[in-house]
Amino acid sequence: SYVGTFRHEEVTPVIRTGPEGQGPLVLELFHGPTFAFKDVALQFLGNLFEHFITKAGDSITVVGATSGDTGSSAIYGLRGKKGVEVFIL
């Protein structure tokens, strides 16, 4: 679900912060196509939809409305998936 869409080879790397790398560990969730943490879930969800929709020989239309980064994450997660249409307002 993440190969080719995330910019980091580890997808969501864990890094040590602070001076000389002695600080707490932080999970970086911004390496997806829209730089939003939501990409982690929505890239997987798009592939899940495509798998079950094509297996059933059906189609689905996703309609959403948002004023934030959720819309772009949903679009990127669902674009190009067989049997899936997405409309974000």
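These numbers come from a predicted model, not from an experiment.
In this structure, the separation between CZ on F6 and CD on Q43 is 5.5 Å, given to the nearest 0.5 Å. To the nearest 0.5 Å, the span separating CG on N47 from CG on L42 amounts to 11.0 Å. Taken to the nearest 0.5 Å, the CD atom of E28 stands 4.0 Å off from the CD1 atom of I15. Taking CZ from F44 and CG from D39, the interatomic distance works out to 15.0 Å, rounded to the nearest 0.5 Å. The CZ atom of F49 sits 4.5 Å away from atom CD1 of I60, with the distance rounded to the nearest 0.5 Å. Between the OG atom of S1 and the CG atom of L45 there is a distance of 9.5 Å, given to the nearest 0.5 Å.
L27 approaches T12 most closely through the heavy-atom pair CD1-O, 3.1 Å. The two residues G80 and E50 make their nearest non-hydrogen contact at O-OE2, 4.1 Å. In terms of heavy-atom proximity, P13 sits nearest to H31 at CD-CD2, 3.5 Å. What you find for I53 and K82 is that their closest heavy atoms are CG2-O, 4.2 Å.
V84 and Y76 are not part of a single hydrophobic cluster, where members link through side-chain heavy atoms under 4.5 Å apart. Under the 4.5 Å side-chain heavy-atom criterion for Ile, Leu, Val, Met, Phe, Trp and Tyr, V3 and V40 are members of distinct hydrophobic clusters. Residues V14 and F35 are members of separate hydrophobic clusters, defined by side-chain heavy-atom contacts under 4.5 angstrom among Ile, Leu, Val, Met, Phe, Trp and Tyr. Under the 4.5 Å side-chain heavy-atom criterion for Ile, Leu, Val, Met, Phe, Trp and Tyr, F37 and V11 are members of the same hydrophobic cluster.
Formation of a donor-acceptor pair under 3.5 Å by the R16 side chain with backbone atoms of G23 is found in this model. For the pair S73 (side chain) and D69 (backbone), a donor-acceptor distance under 3.5 Å is present. At distances below 3.5 Å, not a single donor-acceptor pair connects side-chain atoms of S72 with backbone N or O atoms of T34.
Between F87 and V62, every side-chain heavy-atom pair lies at or beyond the 4.5 Å cut-off.
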